[in-house]
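Residue numbers begin at 1 in each chain, while the letters A, B, ... track the order of the sequences.
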Amino acid sequence: MSSSVPSPETDKSRKYDRQIRLWGDHGQSLLENSQICLVNANALGTEILKGLVLPGIGSFTIIDHNLVTDEDIGCNFFLEPSSLGQSRAKHCTKFLQELNPDVNGESIDDNIDTIIANNPEFFKNFSVVVSCGLNEKSLIKLSNLLWELNIPFMSCQSVGFLGSARIQMKEHCVIETHPDNKHQDLRLEEAFQTLEEHVSNIKLGPKVPWLIILYKNLEVYRKKHDRKIPNTYKEKSELRDIIRSSMTADEENFEEAIRSVNSSFGGGKVNSEVQKILNDSCCINLNKNSSPFWIMARGLKDFIEKDGKGYLPLPGTIPDMTADTSLYINLQNIYRAKAIQDADAVFRRVQQLLKELNKSSDWISEKDVRLFCREAAYISVTRGSKISDEYEKGSKTSMISDELENPDSLISHYVVLRAMERFQTEHGYIPGEVNVETDPARIKSLATRLVNDWGISSQLNDDLFHEICRYGGAEIHSISSFLGGCCAHEIIKLVTRQYKPFDNTIIYDGIKSQSETFKF
Amino acid sequence: MAEIELNNKKWGHLKKILERSGPFDTVNFTPSPSNLEFLMTSCKILVIGAGGLGCELLKDLAMMGFKNIDVIDMDTIELSNLNRQFLFRRKDIGASKAQVAAEFINNRIPGTKVTPHFCKIQDYDDSFYQDFHIIVSGLDSIVARRWINGMLISMLRYEDDGSLDQTSIIPLIDGGTEGFKGNARVILPGMTACIDCTLDLFPPQISYPLCTIANTPRLPEHCIEYVKIIQWDKENPFKCALDGDDPEHVTWVYEKAQDRANCFNITGLSYRLVQGVLKHIIPAVSSTNSVIAAVCATEVFKIATSCYEPLNNYLVFNDIDGIYTYKYEAEKKSDCLACSSIPKVISINNPSSMTLQDLIDYLCDSSEFQLKNPALTTSIDGKNKTLYMSAVKSIEEQTRGNLTQSLHELNLVDGQQLMVADATNPNTIVVKLKFTANEVEIFFVTGAQAKHLNSEEASPQNVIDGLQKQPTQTIFFKTYPVRRMKPLNSFGGYKRNFKPSELDISDDAINEIEKRFDDYGHLRFGKRGGGEGDGFDDYGHMRFGR
Ligand SMILES: [Zn+2]
């Protein structure tokens, strides 16, 4: 092996190769510029940071005033026996930092309440703040503060074989959601002029891409049927028969065209989720604080209503198909050219909007707009709610009430975890920490009071109260590791602005190996 | 030492689970300090693979009280491992994964005895594997998974009455990840679905037809494959085999592939893509590995301590859109290649035109077998005969001539049993040939229920009897031309052969059925949910005999 060969790779791009294949260089660069704050370095906290330090966030800060106990060493991998009695923040930072020299780690020994009270500005430079097993009072204070500062916040806990995580953020806009099954947008129903011209010059034969075969036969079908698009099974069967009868020989490309009848129509329409974004007041009423996402969304809306005649800009990608190279490449180029033309139209609208908003014209680049247009069918906006409201006012109580009637729902776990927090607030210790006999009844009465406050009269099952008291606050490493992986990934989603995060609470039951998402 | 460790306050968390009882415990669980003592002194766990999942598994198990852990991995550490294989540092590049991982865990968690094995799983026999209570695998290779699965099945013992000796079962917990997706499963060999029972879950590897690569490339991948398969051998630039880890090689392929792409106006080629195609790179991130390894370790803990019921038996994880988990019970297949004693039947349409090579191709390509390099032997007139074996050069040369011979020419008969040895299983598997030349398979469908008739049952009389009982049911006739049989697109694969004239049922049978059906108006031949065949009616059924 020789290292003198010029390779386009840097050392970093080789180290992070396996993940850059997922979120791209632009995602990696956002990750590398992110700053994450962890409150409480228990096993769950360090497992979350592990999942962030390895892929290479910019820096992390641990806030933890606790001293390392024996039990900490027993469940937290980022401590060792010699850490006993010393600063948990400092020791976890040291061992976490060893994972990746590209990442800066800092530790703060202060109590979180002190920082919230004396230095609330401290949090404003973080990309995300995450807390583990924080007590109710501090949680509510931190939740309010971060909501004000508009910094995404994740609160999570791991108790015995149960766990939960909750994301709090005002708004999260994603352009690249990377859906598993993208619907092809070929625009055969509303063919653009260049495609129409191109197709009319091609005779069907063995080397012709199926897309052209499908298009020509669709036209035959539509002539017979009042320009309608085959929709039902029977209609699609008829189109398949038409294709079959146009077959010149037993050719793979015709077979592909027949197989594609089902999945090739309907692209380019605005689905309800996108329509909701376009109708959002943030999209309609742009102002000087509008983010690039909303300005591009507005450009998209205007495009659809005017240039696009109700259709999205063309994404411009076509699937691979059996064909002669030049016939395929020509077709690909026609789609690409149209996509660029559409994106340019959106870009011009965006430029105009920037001008009206008195913003610099290079604030949103052509490249940004092209990406936005390519992903237009899948953009997503999530709006969140404040954790402190959930704790102080109760939220989604009718959903909780309904779910409590469903024996398979994990909502009862949510109630138990909430009751456990309340128990700590009221009694000053963790249920089951010392007394396994009487605590189940005490936590159950707290839980009953909690749901009664929400206006719910459901009977609560005893089992989970006994089980949570058995745990006595024990943290089980593999459960924390599961949640740590999940939470780390959600933070990566928030930071890279790719993929959709859960919205907004996840409950995990390691006994049944089951998870469920609830929106509060 | 063990005594002191057992009373160490650091295990306080685990003791709450192991020394207290709860409403979700299994009936076999008794809260007691001996539970932790068992984990620490007696219980032996084998971790297969010290990569992304393996590093996590070692950490998780050691933090869950397991002390005696062996880890086996033949790989050495690379730079691109460091974004997730967190027991390795830059200075460790080139060293054995198993050794570095073991040393790290033993240092970080004193009292843990991780024993590394820097070798292949195939280097050990059953005497090694039988020492373990539970085996956990975090592998990226389907072949290795199937091999260890076959090994554990071959180690099962049966009582005289044929019942399984429960003490011979070594549970296998298997995890796998790809990007943001993963799965974890619990296998009780001989009892629950094994790896081979669910072979069809593995996606077929993407391969491009050679004619596309050579003549009509359209994608950058086609250009890379061309350089890899054709140009490299032709030009032999470094006088050696292509090595996807050598930057000089990758750069050469990249440049040549770029030339070819330019020549065909193909865009989108990148250095990263070249590496990905050359090394079959699967994207990987730390978080998915943490999650899947954690599920596996939790299951090991449940099984080792009986505290809770283990996962039954398959969990799917995906965090592309939110976080999604789904569990279900994968079914044990009655004719599984690995865990069933019933030989798998291969139906052969035309033994006089099907060659041994065709048969081998089928064994490699079909989703039911997915073999790698099958060696076939059989018994003819009481004598063992090697039909083909590629692994031993002299035997390969002796048997190569058989590849072009038809099954008839090789004197293979209907019902012939073949012994198949392959990298996917440490044991020989038996397959049975069934010559169904021009035979028809018939099944009755009433609502969602299908009654399948074998060739003997499918006599005209039986068909008629069945129809008398249930006049409304539809009959499906299905021919089995083996070479076109693609199990994945089951009914779609043989529509061209679907013409009544090709259904070589005896004239008598047709007459009988036809007669019978006149009373009811018409007889329907067709496919389930069909509608694509020539001459079928709107419902995908063919009018017949009128
Ligand atoms: Zn099986």
>> If you compare all heavy atoms of A/His466 against all heavy atoms of B/Pro23, which two are closest, and at what distance to 0.1 Å?
In response: CB-CD, 4.0 Å

>> Could you tell me if B/Arg108 sits above the aromatic ring of A/Phe95, with its cationic atom closer than 6.0 Å to the ring centre and no more than 45 degrees from the axis?
In response: yes

> What part of B/Ile320 lies closer than 4.5 angstrom to a heavy atom of chain A: side chain, backbone, both or neither?
Replying inline: both

> Is there a side-chain contact between A/His477 and B/Asp60, using heavy atoms and a 4.5 Å cut-off?
Replying inline: yes

> Just wondering, are more than 12 heavy atoms of other shown residues or ligands nearer than 6.0 Å to CG in B/Asp140?
Replying inline: no

> Knowing that exactly one of B/His13, B/Lys10, B/Lys16 qualifies, which makes a side-chain contact (heavy atoms from CB on, under 4.5 Å) with A/Glu71?
Replying inline: B/His13

>> Report which part of B/Ile266 has an atom under 4.5 Å of a heavy atom belonging to chain A: side chain, backbone, both, or neither.
In response: both

>> So for B/Asn215, is it side chain, backbone, both, or neither that comes closer than 4.5 Å to the heavy atoms of chain A?
In response: backbone

> What is the minimum heavy-atom distance between B/Gly322 and A/Glu490, and which atoms define it?
Replying inline: O-OE2, 4.1 Å

> Is chain B contacted by the side chain of A/Leu483, its backbone, both, or neither, given a heavy-atom distance below 4.5 Å?
Replying inline: neither

>> Is A/Thr517 close to chain B through its backbone or its side chain, or both, or neither, when contacts mean heavy atoms under 4.5 Å?
In response: side chain

> Given side chains that start at C-beta, do those of A/Phe161 and B/Ile17 come closer than 4.5 Å, heavy atoms only?
Replying inline: yes

> Side chain, backbone, both or neither: which part of A/Glu433 has an atom under 4.5 Å from a heavy atom of chain B?
Replying inline: backbone

> Given the rule in the side chain to side chain contact (heavy atoms under 4.5 Å, CB included) test, do B/Lys59 and A/Lys50 qualify, once you have shown the distances and angles that lead to the verdict?
Replying inline: CA-CA 12 Å; B/Lys59 174 203 66 159; A/Lys50 167 172 137 283; 3.7 Å; yes

> Can you say whether B/Arg89 sits under 4.5 Å from chain A via the side chain, the backbone, both, or neither, judging by heavy atoms?
Replying inline: side chain

> Side chain, backbone, both or neither: which part of B/Phe317 has an atom under 4.5 Å from a heavy atom of chain A?
Replying inline: side chain

> Quick one: do B/Lys279 and A/Asp17 make a salt bridge, cutoff under 4.0 Å?
Replying inline: no

> Which pair of heavy atoms, one from B/Arg272 and one from A/Ile20, lies closest together, and at what distance?
Replying inline: NH1-CG2, 3.1 Å

> So which heavy atom on A/Cys486 is nearest to which on B/Val291, and how close?
Replying inline: N-CG2, 3.7 Å

> Side chain, backbone, both or neither: which part of B/Ile292 has a heavy atom under 4.5 Å from chain A?
Replying inline: neither

> Can you say whether the rings of A/Phe77 and B/Phe86 are parallel (under 30°), tilted (30 to 60°) or perpendicular (over 60°)?
Replying inline: perpendicular

> Closest approach of B/Arg218 and A/Asp320, non-hydrogen atoms and distance?
Replying inline: NE-OD1, 2.7 Å

> Under a 4.5 Å heavy-atom cut-off, does chain A meet the side chain of B/Lys9, its backbone, both or neither?
Replying inline: both

> Can you say whether B/Tyr326 sits under 4.5 Å from chain A via the side chain, the backbone, both, or neither, judging by heavy atoms?
Replying inline: neither

> Is the closest side-chain donor-acceptor distance between A/Gln19 and B/Ser286 under 3.5 Å?
Replying inline: no

> Checking B/Ser80 against chain A: side chain, backbone, both or neither under 4.5 Å from a heavy atom?
Replying inline: both

>> What part of A/Cys469 gets within 4.5 angstrom of chain B, counting heavy atoms only: side chain, backbone, both, or neither?
In response: backbone

> In terms of heavy-atom proximity below 4.5 Å to chain B, should A/Pro501 be classed as side chain, backbone, both, or neither?
Replying inline: backbone

> Between B/Lys181 and A/Asp180, is the closest basic N to carboxylate O distance under 4.0 Å?
Replying inline: yes

> Which region of A/Gln498, side chain (C-beta onward) or backbone (N, CA, C, O), has a non-hydrogen atom less than 4.5 Å from a non-hydrogen atom of chain B, or is it both or neither?
Replying inline: neither

> Do you know which two heavy atoms are closest between A/Lys15 and B/Asn83, and how far apart they sit?
Replying inline: O-CB, 3.6 Å

> Is there a side chain to side chain contact (heavy atoms under 4.5 Å, CB included) between B/Glu299 and A/Ser513 once you walk through the steps?
Replying inline: CA-CA 9 Å; B/Glu299 295 309 316; A/Ser513 313; 3.2 Å; yes

> Which residue out of B/Lys15, B/Met64, B/Glu78 racks up the most heavy-atom pairs below 4.5 Å with chain A?
Replying inline: B/Met64

> Given A/Tyr508 and B/Ile323, is the side chain to side chain contact (heavy atoms under 4.5 Å, CB included) satisfied, shown in steps?
Replying inline: CA-CA 11 Å; A/Tyr508 178 61; B/Ile323 288 174; over 6 Å; no

> Is a side-chain donor or acceptor of A/Arg470 paired with a backbone partner of B/Arg20 at a separation under 3.5 angstrom?
Replying inline: yes

> Can you find a side-chain donor-acceptor pair between B/Thr216 and A/Lys207 that sits under 3.5 Å?
Replying inline: no

